[in-house]
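Counting convention: from 1, in listed order, for ligands and their atoms alike.
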Amino acid sequence: KSILAITIGTTLTIGSISASAQDVNSRIIRFGYGLNQDSKQGRAVQTFTEEVNRLSDGKFKVKSFANALLGNEIQMQNALIGGAQEMMITSTSSLIGIDKKFAIWDLPFMFKDGPEADKVLDGKFGQAMLDGLEKHGVVGLVYWENGFRDLTNSKRPIKTMDDLNSVKLRVMQNPMYLELFNQMGANAIPMAFSELFTALETGAVDGQENPYSTIQSSKFYEVQKYLSQTHHVYSPWVMLISKPFWDKLSNDEKTIIKKAAVISREAERKDSREQAEKSLAFLKTKMEVNSITPEEMDKMKASAKIVIDAQAKELGQDLLDQFFAAI
Ligand code: PAF
């Protein structure tokens, strides 16, 4: 008991010293993300870190944690809400636990390219979505790009919708993805990204879906043979900051964070688009890459329509109409 008391006492003392030191001299930001340091996510977190440091003359210190070291996306979101962590990058898909409206960004086959998505994300519609997060305990700063999602698997080449039949496919923890791939004939299995590589390696799942750059940076080509260019969803990322932390910042400090966030967004999107091409070229040397014919694409889109209609019921047709009008 006494050892416990000493430990707790010491922890509290260290905790209160660092809290007061932080208030006077510096602001520590613990920034968590899911991919590794060599990914485009890692590079953009580095850009943000340098910019925030430069703009604040070193007052802000960002400590970044790659590879979901601070937890998976859902755990980190909760840590932000509770004030135990300051910042993170999240997929829109896992944000639906905080605000179900975020499901709109992952609707299948919506955008033709990145710039079209940028227009909606950075326009009034995208900003209103970010503004809506604040009442849930997190502040949405900017959108980055994860990118168009494509399928990989180790079972067979997937060139048609029928080829997806019974493929055990890991999807993000979002009912829309589950429904989408089950509609297309696969056996969709929701799973946190941090468990994915092992699941692919052991055959617990046959495949997964992510952008080329993530397939490369996470080395999925080592355990996956086939890549299908389905481009089924354009997936953004959201840079979040904890509202309890945000509320402690002065207006000048908030401006610094916002400026650095915008700089990182521009750099990340440029990097993401260049990297997509490089990653595809790389993956062609490691995997069998298959494109999908326009006829098969139409079948997939018809299947997706069922999911879109279901989301219209869940989120309200009004919201979907506003979204379509913004595209
Ligand atoms: O597949 C996922 O879970 C997401 O695309 C990832 C890689 C965690 C990025 O947000």
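Classification of the Trp144-Phe31 ring pair by plane angle, with boundaries at 30° and 60°, yields parallel. In this structure, Phe181 and His232 have perpendicular ring planes: the angle between them is above 60°, well past the 30° mark.
Every atom of ligand 1 is numbered from 1 in the order shown, and the set under 4.0 Å from a heavy atom of Arg149 is 1 (O), 2 (C), 5 (O). Residue Met172 has at least one heavy-atom neighbour below 4.0 Å for each of these atoms of ligand 1: 1 (O), 2 (C), 3 (O), 4 (C), 5 (O).
Distance from atom 5 (O) of ligand 1 to its nearest protein heavy atom, with residue and atom name: Asn210 OD1, 2.8 Å. Atom 9 (C) of ligand 1 has as its closest protein heavy atom Trp237 NE1, 3.2 Å.
Among the candidates Ile98, Val138, Leu95, the single residue satisfying the side-chain contact (heavy atoms from CB on, under 4.5 Å) test with Thr90 is Leu95.
Looking at ligand 1, you won't find any N or O of Gln41 less than 3.5 Å from one of its N or O atoms. In terms of polar-atom proximity, Asn146 is counted as a contact of ligand 1, with an N or O under 3.5 Å from an N or O of the ligand.
Residue contacts with ligand 1 include Leu35, since one of its heavy atoms falls under 4.0 Å from the ligand.
For the salt bridge (charged side-chain N to carboxylate O under 4.0 Å, His left out) test, no residue two or more places apart in sequence or in another chain qualifies with Asp163.
Residues Tyr143 and Trp105 place their aromatic rings such that the two centres sit under 6.0 Å apart.
In this comparison of Glu73, Gln208, Arg170, the heavy atom closest to atom 1 (O) of ligand 1 sits on Arg170.
Remark: the backbone N or O of Gln317 is not paired with any side-chain donor or acceptor of Gln322 at under 3.5 angstrom.
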